[in-house]
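Only one structure is covered here, and it is reproduced in the block below.
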Amino acid sequence: MDDARLLATAGLVAALREAEAGGGNLIAALVGDDPFVAFRHYPEEDAWDEASRAQFYFHAHDSGTRAAEAGHIHCFHRPGGRHSAAAPHHLVAIVLDATGRPAGLFTTNRWVTEEVFLPAPAARAVAARYAPSGGDVASRVVAGVFGLYRGEIMQLLTERDAALAERRRLRPDADPLEDQELEILSHRAIDLEATLSDLRRGLPE
């Protein structure tokens, strides 16, 4: 395992342990003392990191919409700065299970988050260096997931564009980026415990 992935893994594990100290979890850390409301952003004005231009927020849909998850963190890059009039680029969303731990990754169509769509080659370049530098547990978890699952994220972005290309082939007169029937473009479940076990087995004695 390369040093960068090792550091990302250590940072992710440490952040989750901190979030779960005293019986809490990452979702509780994100929502705080505010009452939970479906679709509301947590934090309310999104998390922002000036150094990396990373922007993210947690939200959840109605319980009947995505029953397999507790919510997800949408991860964006806003190169123009927090107050830029230009919409950000959406990279991936990180699925959180009921314990607040990462359990999946997915990409969305452009219309879902009203982003400025970034084609896969450019999106992969941004994702490769996406690392919110804030010291809060949420920023450290996001940075850790991008470091630990970088290969999976790169593949999901490639699959995202392939899904759009296929829809364009099937419906050449329509813009697939605005196709309301096309929401989730690629997805992958992740098993954090299994990943960590595999990594431990690969470390030298």
Side-chain angles (χ1 to χ4, degrees), residues 1-2 4-5 7-9 11-12 41 46-59 61 66 68-69 71-82 84-96 102-133 138-139 141-192 195:
M1 178 169 53
D2 62 81
R5 195 172 186 219
L7 287 172
T9 303
L12 173 59
H41 290 200
D46 299 359
W48 169 254
D49 179 50
E50 183 67 30
S52 65
R53 302 300 173 96
Q55 177 180 345
F56 64 86
Y57 64 83
F58 169 80
H59 80 168
H61 298 204
R66 299 188 192 280
E69 65 176 70
H72 44 268
I73 300 173
H74 282 290
C75 301
F76 301 85
H77 182 240
R78 188 183 283 272
R82 181 167 196 160
S84 170
H89 309 301
H90 185 266
L91 298 174
V92 297
I94 302 169
V95 175
L96 301 182
L105 301 162
F106 66 86
T107 65
T108 59
N109 205 352
R110 194 219 68 81
W111 64 267
V112 176
T113 57
E114 299 183 346
E115 62 165 312
V116 173
F117 183 79
L118 199 61
R124 288 195 300 268
V126 172
R129 59 179 186 274
Y130 192 85
S133 60
S139 293
V141 167
V142 170
V145 168
F146 269 79
L148 180 56
Y149 290 103
R150 181 176 295 119
E152 288 83 353
I153 290 170
M154 300 302 174
Q155 185 62 34
L156 286 171
L157 290 168
T158 298
E159 293 171 3
R160 178 200 68 175
D161 284 23
L164 290 168
E166 177 63 11
R167 184 56 64 100
R168 189 175 289 111
R169 184 186 71 80
L170 295 172
R171 300 181 182 179
D173 297 328
D175 183 357
L177 293 171
E178 305 305 324
D179 189 338
Q180 301 287 306
E181 297 178 3
L182 202 59
E183 179 181 1
I184 305 302
L185 298 177
S186 59
H187 60 89
R188 183 160 304 170
I190 57 176
D191 186 332
L192 182 58
T195 300

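Every value quoted in this text rests on a predicted model; they were computed, and no experiment measured them. Keep in mind that the numbers below use all heavy atoms, side chains included, and drop hydrogens, waters and symmetry copies.
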For [X], enumerate each residue passing the side-chain hydrogen bond (donor to acceptor under 3.5 Å, both in side chains) test, keeping only those at least two apart in sequence or located in another chain.
{"X": "Asp179", "answer": "Arg167, Arg171"}
{"X": "Gln55", "answer": "Asp46, Arg78"}
{"X": "Thr113", "answer": "none"}
{"X": "Ser84", "answer": "none"}

Please answer whether the main-chain N or O of Ser186 pairs with a side-chain N or O of Thr107 as donor and acceptor at a distance below 3.5 Å.
-> yes
Would you say Asn109's side chain and Leu185's backbone share a donor-acceptor pair under 3.5 angstrom?
->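 No.
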Partners meeting ring-ring contact (aromatic ring centres under 6.0 Å, His included) with His89 (sequence neighbours left out) =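 With neighbours one apart ignored, the set is empty.
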Output all residues satisfying ring-ring contact (aromatic ring centres under 6.0 Å, His included) with His187, sequence neighbours left out; order by chain, then residue number.
->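 Counting only residues at least two positions away or on another chain, His187 forms no ring-ring contact (aromatic ring centres under 6.0 Å, His included).
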Could I get the full list of side chain to side chain contact (heavy atoms under 4.5 Å, CB included) partners for [X], not counting sequence neighbours?
{"X": "Pro121", "value": "Pro119, Arg124"}
{"X": "Ala123", "value": "Leu91, Leu118, Leu157, Arg160"}
{"X": "Gln180", "value": "Trp111"}
{"X": "Leu7", "value": "none"}

Please set out all donor-acceptor pairs under 3.5 angstrom arising from side-chain atoms of residues 144-155, sequence neighbours excluded.
residue : atom : partner : partner atom : Å
Tyr149  : OH   : Thr195  : OG1          : 2.7
Gln155  : NE2  : Glu159  : OE2          : 3.4

Report the C-alpha separation of Ile94 and Val141 in whole Å, then their side-chain angles, then the decisive distance to 0.1 Å, and conclude whether the side chain to side chain contact (heavy atoms under 4.5 Å, CB included) test is met.
-> CA-CA 10 Å; Ile94 302 169; Val141 167; 5.9 Å; no
Under the salt bridge (Lys or Arg N to Asp or Glu O under 4.0 Å) test, which residues partner Glu178, sequence neighbours left out?
-> Arg110
Can you list the steps and then say if Phe117 with Asp161 is a side chain to side chain contact (heavy atoms under 4.5 Å, CB included)?
-> CA-CA 10 Å; Phe117 183 79; Asp161 284 23; 3.4 Å; yes
Evaluate the ring planes of Phe106 and His74, with Trp represented by its six-membered ring, and classify them as parallel (under 30°), tilted (30 to 60°) or perpendicular (over 60°).
->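 Geometry flag for His74 against Phe106: perpendicular rings.
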Check whether more than 12 heavy atoms from other residues, nucleotides or ligands sit under 6.0 Å from atom CD of Glu50, and answer yes or no.
-> yes
